[in-house]
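Shown next, in structure tokens, is the structure this report addresses.
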Amino acid sequence: MKDLKHLIYFENLLLEANNKLVQKAQKDGKVCVAYTCENTPEPLLNLPGCFSARLRAPRTGSMEVATYYLTSFLCEYSRALLERAIEGGYNFADCIITPDGCSMMNRCVENMELLKTMGKEKPKFFYEYMEIPMKGDDNGLNLYVLQCKNHILKPLAEHYGIDTSESAIRKAVEEHNRVCELIRAIGEFRKGPRPAITGYEFHVLTLATYVCPKYLLVDKLAETLEELKKREPLEENAFRARVMVVGSEVDDLDFIKLVEDSGAYVCADRFCYGSLPGRDPIVLTDGEDVVTQICRQYMNRGMCPRYMDMPKMNGRREYVAKIAKEYGADGIIYEQMKFCDPWAYEKMLGSHILREEFGYPVLAVDRPYAIATSGQMRTRVQAFVESMEIKKIQKEDAANG
């Protein structure tokens, strides 16, 4: 399959947190709003005059200093971010907003603030901490709206003079939806026996939309969509099995690449910052506060294990089963970053239910933040692929009598 025209361009954007599009947007006079959790409504961070940048730590090496402050029992994502912040890797940010999706991320950002890792030369710099509901009900929605107004809109207006009016928010939603529509349309090419895009390529494109100013990506995303419409798809047996990857935050390109190099095509993604449901467009109507509408949709579609009421818990597994069926997955890889407490519980129960109640083969793994080359992980994925092949043969033999 011929490489996508802009693939190297997108890959290069992911080599550094302070990528060239972040730099360009700041030269254009825009405020960089850094954030660390998918529960932060993106459109509210992309109002006229500012843009969002989801923090990540590409090419992570030693995390010894961060481990000193956070201990070795916190997830490697939080430690990698603190290590990079101490190194000065996020000095481009003009503020940082983090919700308490988990206590580990809160501790990470609190240490960033205590150690004065950012904003030394920026008098308007601010840190904000949001509380996220644990139930998807009316009380949870009221809390969510209040937190977004007090910890996103208010400080952006007070510190940087950002327009937080309803018309400005609606404009931000329109731009957000354009990116969502492009990513979801590109993702449709993963369906069917002969997909026109690999899981790795799709992951590169999706991740770029979280870490770069969206308005600077739209043209190349649109070009890529048109390119895919004419691209020769993969051969029907190019991969030995189709898998859906489910679980905690994945921004390591090597993980998806490892899975596909092991013979499993990643046909769908249900992990933090992925496209499902992370790139669902936001539908707005007249007659109701726009922030309430945004928060309701983020809350209702949210698959974060922080939500602990039974409808949300059951809904997470039903959603995975629905997407796996829609995208034709033969099995599910349920991944959890090491020491991620919320996803550890969710992975344990979710993998069992998807296997026993929905009938999907499931591989449950824990992984480091940056996997690089892992022989053990590769062996486990290869064995999982072989087991799915055997089950498929057995099912065909049974069907043929």
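In what follows, every heavy atom counts, from backbone to side chain, and hydrogens, waters and symmetry copies are set aside. All values derive from a computational prediction rather than experimental measurement.
The ring pair (Phe, Tyr, Trp, His ring centres under 6.0 Å) test with H203 singles out one residue from F10, Y273, Y210, F271, and that residue is F271. A side chain to side chain contact (heavy atoms under 4.5 Å, CB included) with H176 holds for exactly one of I282, N46, L44; it is I282. Among K229, K5, K230, the one residue that satisfies the salt bridge (charged side-chain N to carboxylate O under 4.0 Å, His left out) test with E223 is K5.
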Subject >> Audit row: R231, L4, side-chain contact (heavy atoms from CB on, under 4.5 Å) steps and yes/no >> reply: CA-CA 9 Å; R231 193 187 201 190; L4 293 172; 3.6 Å; yes

**OP:** Start with the C-alpha distance between R194 and E235, add both sets of side-chain angles, then the distance that settles side-chain contact (heavy atoms from CB on, under 4.5 Å), and finish with yes or no.
**Re:** CA-CA 6 Å; R194 298 187 62 194; E235 295 297 328; 4.2 Å; yes

**OP:** Starting from the C-alpha separation in whole Å, work towards a yes-or-no answer on salt bridge (charged side-chain N to carboxylate O under 4.0 Å, His left out) for R306 and D100.
**Re:** CA-CA 9 Å; R306 176 179 173 79; D100 60 349; 3.4 Å; yes

**OP:** Would you check, one step at a time, whether the test salt bridge (charged side-chain N to carboxylate O under 4.0 Å, His left out) holds for E16 with R84?
**Re:** CA-CA 11 Å; E16 301 289 346; R84 189 60 53 87; 5.1 Å; no

**OP:** For side-chain contact (heavy atoms from CB on, under 4.5 Å), just list the numbers for K322 and F358, CA-CA rounded to whole Å, side-chain angles, deciding distance to a tenth of an Å, and then say yes or no.
**Re:** CA-CA 10 Å; K322 170 180 171 290; F358 291 96; over 6 Å; no

**OP:** Output, in order, the C-alpha distance, side-chain angles, deciding distance and verdict of salt bridge (charged side-chain N to carboxylate O under 4.0 Å, His left out) for D289 and K149.
**Re:** CA-CA 12 Å; D289 173 55; K149 289 181 176 180; 3.7 Å; yes

Original post:
Would R279 and T206 satisfy side chain to side chain donor-acceptor pair (under 3.5 Å), going step by step from the backbone distance to the final call?
Top reply: CA-CA 9 Å; R279 285 293 171 246; T206 303; over 6 Å; no

Subject >> Intermediate values then yes/no, side-chain contact (heavy atoms from CB on, under 4.5 Å), S103 and D341 >> reply: CA-CA 9 Å; S103 60; D341 288 341; 5.8 Å; no

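At a threshold of 4.5 Å between non-hydrogen side-chain atoms, the residues F126 and L156 count as touching. Residues T60 and R79 have side chains not in contact (no heavy-atom distance under 4.5 Å, counting atoms from C-beta outward). Side-chain atoms of I294 and L284, non-hydrogen and from C-beta on, do get closer than 4.5 Å to each other. Looking only at side-chain heavy atoms (C-beta outward), Y334 and E346 come within less than 4.5 Å of each other. Within the 4.5 Å cutoff, no side-chain heavy atoms of P155 are placed close to those of I97. V243 is listed as a side-chain neighbour of F384, based on a closest heavy-atom distance under 4.5 Å. Considering only heavy atoms from C-beta on, V22 comes within 4.5 Å of P213 through its side chain. Between M105 and C37, every side-chain heavy-atom pair lies at or beyond the 4.5 Å cut-off.
Within 6.0 Å of NZ in K122 there are more than 12 heavy atoms belonging to other residues, nucleotides or ligands. The local environment of CD1 in I8 is sparse, with at most 12 non-hydrogen atoms from other residues, nucleotides or ligands closer than 6.0 Å. Around atom CD of E288, more than 12 heavy atoms belonging to other residues, nucleotides or ligands sit under 6.0 Å away. Heavy atoms from other residues, nucleotides or ligands lying under 6.0 Å from CZ of F125 number more than 12.
Side chain of E131 to backbone of L143: no donor-acceptor contact under 3.5 angstrom is found. Distance alone, capped at 3.5 Å, is enough to place a donor-acceptor pair between the E83 side chain and the A66 backbone. When atom types are taken as modelled, the side chain of E260 and the backbone of V266 share a donor-acceptor pair closer than 3.5 angstrom. Listed for the R178 side chain is no donor-acceptor partner under 3.5 Å among the backbone atoms of V218. Counting only distance, with no hydrogens or angles, the side chain of R316 and the backbone of C304 share a donor-acceptor pair below 3.5 Å. A donor-acceptor pair under 3.5 Å links the side-chain atoms of D269 to the main chain of S275, judged by distance alone. Not one N or O on the side chain of R355 forms a donor-acceptor pair closer than 3.5 Å with the backbone of Y360. In terms of modelled atom types and a separation under 3.5 Å, the side chain of E175 and the main chain of Y215 share no donor-acceptor contact. In this structure, the side chain of R242 engages the main chain of Y327 through a donor-acceptor pair within 3.5 Å. One N or O on the side chain of Y298 and one on the backbone of E42 form a donor-acceptor pair closer than 3.5 Å.
Taking each heavy atom of I186 and L221 in turn, the nearest pair found is CD1-O, 3.9 Å. Between A157 and T164, the shortest heavy-atom contact is CB-CG2, 4.1 Å. Closest heavy-atom contact between D366 and K338: OD2-CG, 4.0 Å. Nearest heavy-atom pair, L45 versus C50, reported as atom, atom and distance to 0.1 Å: O-SG, 3.4 Å. Between Y307 and N39 the shortest heavy-atom distance is CE1-OD1, 4.2 Å. Taking each heavy atom of M112 and Y90 in turn, the nearest pair found is CE-CE1, 4.3 Å.
Checked for salt-bridge contact, K220 and E227 miss the test: no charged N lies under 4.0 Å from a carboxylate O. With salt bridges taken as basic N to acidic carboxylate O contacts below 4.0 Å, none links R240 and D330. Classification of R367 and D252 as a salt-bridged pair fails, no side-chain N sitting under 4.0 Å from a carboxylate O. Under 4.0 Å is where a charged nitrogen must lie from a carboxylate oxygen, and between K191 and E326 at least one such pair does. Salt bridge E166/R170: present, at least one basic N to carboxylate O contact under 4.0 Å.
The distance from the CD1 atom of I333 to the OG atom of S351 is 12.5 Å, given to the nearest 0.5 Å. For the atom pair CZ (R184) and CG (L225), the distance works out to 13.5 Å, reported to the nearest 0.5 Å. Annotation: the span from L205 atom CG to L217 atom CG amounts to 9.5 Å, rounded to 0.5 Å. For the atom pair CD of E11 and CG of L207, the computed distance is 11.5 Å after rounding to the nearest 0.5 Å. Between the OG atom of S72 and the CD atom of E64 there is a distance of 12.0 Å, given to the nearest 0.5 Å. Between the CD atom of Q297 and the CE atom of M299 there is a distance of 11.0 Å, given to the nearest 0.5 Å.
With sequence neighbours left out, L349 forms a side-chain contact (heavy atoms from CB on, under 4.5 Å) with R317, I353.
A side-chain N or O of Q26 and one of D94 form a donor-acceptor pair less than 3.5 Å apart.
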